[in-house]
Amino acid sequence: EKVEITKEQQALMKVIADAYNRHQIPQDVAKKLLQDQYSAEENFLLLTEMATSQVQVLVEFTKNIPGFLSLNHEDQIALLKGSAVEAMFLRSAQVFSKKMPNGHNEVLEDRIRRSGISEEFMTPMFNFYKSIGVLHMVQEEQALLTAITILTPDRPYVKDQQAVERLQEPMLDLLRKLCVLQHPQKPQYFACLLGRLTELRTLNYYHAEMLTSWRMNDHKFTPLLCEIWDVE
Ligand SMILES: CC(C)c1onc(-c2c(Cl)cccc2Cl)c1COc1ccc2c(ccn2Cc2cccc(C(=O)O)c2)c1
C-alpha cells in the first residue's frame, strides 16, 4: 500500500532531526583527535574527554525528545543510564561510517585501538562499526534510531514501561515509513536497523568488561561518566 508520512510525523521528524544535528561534540574536542600524542595514557584521556562530551550531547538531545521530560524523573535517569553506552556506540559508528572529515576515522580507530582496550573487545566493536557503515543511514534515520534506543522500555529500574512504550512506538512507526521511502529497493532495511539495536545490546556487555579492565589498571573517569556508568 502507499506509505504516507502524516503532518504530525513530519513535525516529529523535524524536532528529532534538528535536536540531533544541533548537538555535536564541540569542534575543539573533535580536533583534539588529530593531536599527535599517541601514548595509551593520552589516548585514554582523550577518549574520556570525548565520552564525557558525548554524554552531555546525549542529555541535551534526549531533553528534546517530545514527551521525555513528562516521564517520571527516576525513569528519565534510568533511560539515560541504560542507553548511554548504546547511544555512544551508535554515534561513534555513524562518525566512523561517514561524518568525520577523512583522515579522522583512521586516527579515531587508532586511538581506540591503543587506549588499553583488550583485543577481545575490538572485534565486536569494529564489526559493529562496519555493520552500521554498510547501511549508509541518512541523518533522519540516525536521529530516530538514537531516540528509539534511548526510549527502550525494558531498561533496568524503569517503573512505568508503558509510558516509555507510548513514546517509542510513534518513533518506530515513523522510522519504518522513512525506511520504505528512503530505501525502496531494500524492503528488509527497517528490519535490518532493528537488528542493529539487538547487536548494540551485546556491546553493553563488552563495554562493562572494558570498564572493569580499565579500572583494574587504575584508569580514572570523569564525575559525569562515574555517575552514568555507576563506577567508583
Ligand atoms: C571513557 C572512554 C575511554 C570511553 O569508554 N568507552 C568508550 C566508548 C568507546 Cl571506546 C567506543 C564506543 C562507545 C564508548 Cl562509550 C569511550 C570513548 O567514548 C567515545 C569516543 C569517541 C566517540 C564517542 C562518541 C562519538 N565519538 C566520536 C566522535 C568524534 C568526533 C566528533 C563526534 C561528534 O559527535 O561530532 C563524535 C564516544
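Both counts, for ligands and for their atoms, begin at 1 and track the order of listing. Throughout, residue positions are numbered sequentially from 1 according to the sequence presented.
A distance of 10.5 Å separates CD of Glu165 from OG1 of Thr152, quoted to the nearest 0.5 Å. From Arg176, atom CZ reaches atom CE of Met171 across 15.0 Å, with rounding to the nearest 0.5 Å.
Of all atoms in ligand 1, listed by their number and element, those nearer than 4.0 Å to a heavy atom of Tyr129 are 11 (C), 12 (C). Shown in contact with Phe44 at under 4.0 Å from a heavy atom are these atoms of ligand 1, numbered in order with element: 3 (C). Residue contact check: His207 has heavy atoms under 4.0 Å from atoms 5 (O), 6 (N), 7 (C), 15 (Cl) of ligand 1. With ligand atoms numbered from 1 in the order given, ligand 1 contributes 25 (C), 33 (C), 34 (O), 35 (O) to contacts under 4.0 Å with heavy atoms of Arg91.
In this structure, the side chain of Asn72 engages the main chain of Glu74 through a donor-acceptor pair within 3.5 Å. Between the side chain of Tyr189 and the backbone N or O of Leu135 there is at least one donor-acceptor pair closer than 3.5 Å. Between the Trp214 side chain and the Ser115 main chain, a donor and an acceptor come within less than 3.5 Å of each other.
In this structure, Arg91 forms a cation-pi arrangement with Tyr20, its terminal cationic atom sitting closer than 6.0 Å to the ring centre and no more than 45° off the ring axis.
The proximity of Leu225 to ligand 1, defined as any non-hydrogen pair under 4.0 Å, is limited to the side chain. Of all the heavy atoms of Met50, the ones lying under 4.0 Å from any atom of ligand 1 belong exclusively to the side chain.
Between Trp229 and ligand 1, a contact under 3.5 Å exists for no N or O pair.
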